[in-house]
Visitor: 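First, the structure itself, so that you have it in front of you.
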2 protein chains.
Amino acid sequence: MARPTDLQLAWFLPYRLSVLSNTISSAMASDYSRRFKLSIPEWRVLAVLADTPNITAADISARTAMDKVAVSRAVADLLAREAIVRAPVAADRRKSHLCLSASGMRMYAEVVPVARRYEQELLNGLTPTDRAALDRIVHVLLERAAVLGPAEGDNPR
Amino acid sequence: MARPTDLQLAWFLPYRLSVLSNTISSAMASDYSRRFKLSIPEWRVLAVLADTPNITAADISARTAMDKVAVSRAVADLLAREAIVRAPVAADRRKSHLCLSASGMRMYAEVVPVARRYEQELLNGLTPTDRAALDRIVHVLLERAAVLGPAEGDNPR
DNA sequence: GGAAATTAGTTACAATTGTAACTAATTTCC
DNA sequence: GGAAATTAGTTACAATTGTAACTAATTTCC
């Protein structure tokens with residue numbers, strides 16, 4: 001049926017992943033922002049700091065694949081709302097260590113169950129075998145995608 | 001190790017899917033735009049019209065999960081570049097049917113192998129079993145995500 | 001038959017995001 | 001020891017995207 005030059009967008013993996021991820025992210029984003037006034041980047045920074053306190057903005061970039069500007073903006077916002085605290089590093093005064101404030105921790109503790117429930121709702125449709133397969137597959141694809149991107153062109157990022 | 005309130009962002013499915021999809025999409029986007037001056041929305045419109053000529057902008061929206069404004073913009077751009085052709089529908093003059101021009105088809109024919117190669121590079125890391133599992137899993141997750149989104153809040157989109 | 005409601009698509013404006021240039025601190029290396 | 005290069009983080013500006021209001025055509029329904 002499909003001509004040889006035809007791609008069948010509906011079955012094209014990058015397209016399907018993009019639709020899937022956007023559907024999930026925008027559902028969650030609208031929920032977070034409605035309930036907690038948190039954007040996705042802010043929520044990510046919160047989550048990383050809950051996991052590993054006293055790291056720098058650059059560390060957050062490295063762990064989240066977020067751009068350093070995006071991190072800077074999210075951090076500025078969370079600081080303004082006093083959800084996190086910034087402490088200059090004595091040994092290198094360009095850096096600051098960040099960690100959650102008491103109220104940031106409370107906020108995080110409130111968001112986590114909501115986030116977990118989303119994930120659970122998604123995973124509930126899958127058999128244990130499929131869940132394991134998904135973990136494996138996403139891992140492989142992430143690795144390959146990371147290599148593919150920079151390799152293809154000339155952008156040295 | 002992880003405290004009970006901790007989410008472990010690195011294992012959080014929505015987060016992993018988002019990083020995966022963004023990595024893939026931005027690699028492809030930079031490649032498309034460098035070689036063909038095509039944005040992702042433009043490429044999607046092109047692909048849908050290659051698959052199904054003579055449909056309306058609204059039809060494209062419905063098939064791609066793109067917002068109608070995004071479609072309108074991509075269409076305007078492709079029209080300006082004469083990659084597609086617009087013909088008013090006699091029976092309902094609010095609508096127009098769109099289809100690829102000869103040069104649009106050539107452009108599409110050039111992009112397809114590049115797109116396919118990307119997909120292939122990704123899939124090459126997976127066993128046939130995993131590929132089949134991925135198809136199934138993405139399908140299930142898409143369905144669940146579609147239900148989850150609107151159900152959670154009050155946005156009637 | 002015609003006012004009120006709906007629909008396709010566009011335009012205007014606001015918010016978000018990406019890129020480049022920048023400041024200030026530190027490191028490298030002659 | 002100090003000029004040149006590097007690094008952390010921010011700021012300014014441009015490009016992209018989302019939302020709301022709009023125009024023009026059509027449909028509904030009294």
Side-chain angles (χ1 to χ4, degrees), chain A residues 18-19 21-23 25-27 29-30 32-34 37-45 49 54-80 84 86-98 149 153-157, chain B residues 18-19 21-23 25-27 29-30 32-34 37-45 49 54-80 84 86-98 149 153-157:
Chain A
S18 162
V19 171
S21 166
N22 288 340
T23 307
S25 286
S26 66
S30 79
Y32 290 170
S33 83
R34 189 158 46 78
K37 306 268 178 258
L38 270 183
S39 71
I40 292 268
E42 284 158 18
W43 146 246
R44 285 186 181 174
V45 168
L49 288 177
N54 291 312
I55 58 179
T56 67
D59 295 332
I60 297 176
S61 277
R63 296 200 188 199
T64 56
M66 288 169 73
D67 183 84
K68 69 175 177 171
V69 177
V71 172
S72 172
R73 288 196 259 245
V75 164
D77 214 273
L78 291 170
L79 277 172
I84 65 178
R86 175 160 61 183
V89 175
D92 184 343
R93 284 175 19 242
R94 292 169 305 181
K95 303 181 182 177
S96 292
H97 283 158
L98 302 165
D154 46 3
N155 65 327
R157 184 202 310 191
Chain B
S18 162
V19 171
S21 165
N22 288 340
T23 307
S25 285
S26 66
S30 80
Y32 290 171
S33 84
R34 189 160 44 78
K37 306 269 178 256
L38 271 182
S39 71
I40 293 268
E42 284 157 19
W43 147 246
R44 284 185 182 173
V45 168
L49 288 177
N54 291 313
I55 58 178
T56 67
D59 295 332
I60 297 176
S61 276
R63 295 199 190 201
T64 56
M66 288 168 74
D67 183 84
K68 69 175 178 171
V69 177
V71 173
S72 172
R73 287 197 260 245
V75 163
D77 215 272
L78 292 170
L79 278 172
I84 64 177
R86 174 159 63 184
V89 175
D92 184 344
R93 284 173 22 241
R94 290 169 307 181
K95 302 180 183 178
S96 293
H97 284 156
L98 301 165
D154 46 2
N155 67 326
R157 184 201 306 189

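Proteins come first, then strands; the chains are lettered A, B, ... in the order of their sequence lines, and each starts at number 1.
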Visitor: Which part of the nucleic acid, if any, lies within reach of A/Ser39 when heavy atoms closer than 4.0 Å are counted: base, sugar-phosphate only, or nothing?
Guide: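 Contact class for A/Ser39: none.
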Visitor: Touch check for B/Lys68, heavy atoms < 4.0 angstrom, all strands: base, sugar-phosphate only, or nothing?
Guide: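 The answer is base, as B/Lys68 lies within the cut-off (heavy atoms under 4.0 Å) of a base atom.
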Visitor: Between C1' on C/dT17 and CG on A/Asn22, what's the gap in Å once rounded to a whole number?
Guide: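 Nearest whole value for this atom pair: 14 Å.
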Visitor: Select one nucleotide: of D/dT19, C/dT10, D/dA25, the one nearest the side-chain heavy atoms of B/Arg93.
Guide: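 Closest nucleotide among those given: D/dA25.
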Visitor: Whole angstroms only, please: what is the NZ-C1' distance between B/Lys95 and D/dT26?
Guide: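 Rounding to the nearest Å, NZ of B/Lys95 and C1' of D/dT26 are 10 Å apart.
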Visitor: For A/Val69 and A/Asp92, take the nucleotide of DNA chain D holding the closest heavy atom to each; which residue's nucleotide lies nearer the 5' end?
Guide: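 Looking at the nearest nucleotide for each, A/Asp92 comes out on the 5' side.
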Visitor: For D/dA8 and A/Arg86 - does any side-chain N or O of the residue sit under 4.0 Å from the phosphate oxygens OP1/OP2?
Guide: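 Checking D/dA8 against A/Arg86, no side-chain N or O comes under 4.0 Å of OP1 or OP2.
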Visitor: Check every strand shown and say whether A/Val75 touches a base, only sugar-phosphate, or nothing at a heavy-atom separation below 4.0 Å.
Guide: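 It contacts nothing in the nucleic acid.
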Visitor: Rounded off to whole Å, could you give me the CG-to-P distance for the B/Asp77 and C/dG9 pair?
Guide: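 For the pair B/Asp77 CG and C/dG9 P, the rounded distance is 18 Å.
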Visitor: Between P on C/dT10 and CE on B/Met66, what's the gap in Å once rounded to a whole number?
Guide: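 Between P of C/dT10 and CE of B/Met66: 13 Å.
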Visitor: Please state how far atom CD1 in B/Ile40 lies from atom P in D/dG18, giving the value in whole angstrom units.
Guide: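 Taking atom P of D/dG18 as the reference, CD1 of B/Ile40 is at 13 Å.
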Visitor: Working to the nearest 0.5 angstrom, can you tell me the gap between B/Ser72 OG and B/Asp77 CG?
Guide: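 Reported value, rounded in 0.5 Å steps: 11.0 Å.
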Visitor: Please state how far atom CG in B/Asp67 lies from atom P in D/dT16, giving the value in whole angstrom units.
Guide: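 After rounding, the reported distance stands at 17 Å.
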Visitor: What about B/Arg73: does its side chain form a donor-acceptor pair under 3.5 Å with the base of D/dG18?
Guide: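 Present.
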Visitor: Checking side chain to side chain contact (heavy atoms under 4.5 Å, CB included) for the pair A/His97/A/Thr56: CA distance, chi angles, key distance, verdict?
Guide: CA-CA 5 Å; A/His97 283 158; A/Thr56 67; 3.7 Å; yes
Visitor: Working to the nearest 0.5 Å, report the span between CD1 of A/Ile40 and OG of A/Ser33.
Guide: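 Spacing of CD1 (A/Ile40) from OG (A/Ser33) equals 9.0 Å.
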Visitor: Can you tell me how far OG of A/Ser96 sits from CD1 of A/Ile55, rounded to the nearest 0.5 angstrom?
Guide: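 Going from CD1 on A/Ile55 over to OG on A/Ser96, the span is 12.5 Å.
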Visitor: Rounded to the nearest 0.5 Å, what separates atom CG in B/Leu98 from atom CD1 in B/Ile84?
Guide: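 Taking CG in B/Leu98 and CD1 in B/Ile84, the distance rounds to 5.0 Å.
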Visitor: Is there a Watson-Crick or G-U wobble partner for C/dT11 with both distances under 3.5 Å, and which nucleotide is it?
Guide: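 Partner of C/dT11: D/dA20.
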Visitor: Can you tell me the pairing partner of C/dT6 across any strand shown, Watson-Crick or G-U wobble, with both distances under 3.5 angstrom?
Guide: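 Per the H-bond distance test, D/dA25.
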Visitor: Return no unless some side-chain N or O of B/Ser72 is found under 4.0 Å from OP1 or OP2 of C/dT10.
Guide: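 It does, given that an N or O in the side chain of B/Ser72 lies less than 4.0 Å from OP1 or OP2 of C/dT10.
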Visitor: Between A/Val89 and B/Val71, who's closer to the 5' end of DNA chain C by nearest nucleotide?
Guide: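 Per heavy-atom nearest nucleotide, the more 5' residue is B/Val71.
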Visitor: Both distances under 3.5 Å, Watson-Crick or G-U wobble: report the partner of C/dC30, or none.
Guide: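 Check on C/dC30: paired to D/dG1, both distances under 3.5 Å.
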Visitor: Taking CD1 from A/Ile55 and P from D/dA8, how many angstroms apart are they, rounded to a whole number?
Guide: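 My rounded result for the distance is 14 Å.
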Visitor: Would you state whether a donor and an acceptor, one from the side chain of B/Arg94 and one from the base of C/dT7, lie under 3.5 Å apart?
Guide: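 Under the 3.5 Å cut-off, the side chain and the base do form a donor-acceptor pair.
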Visitor: May I have the distance from B/Trp43 (atom CH2) to D/dT16 (atom P), rounded to whole angstrom?
Guide: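 Atom-to-atom, B/Trp43 to D/dT16, this comes out as 19 Å.
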Visitor: Passes side chain to side chain contact (heavy atoms under 4.5 Å, CB included), A/Leu78 versus A/Leu38? Steps please.
Guide: CA-CA 9 Å; A/Leu78 291 170; A/Leu38 270 183; 4.2 Å; yes
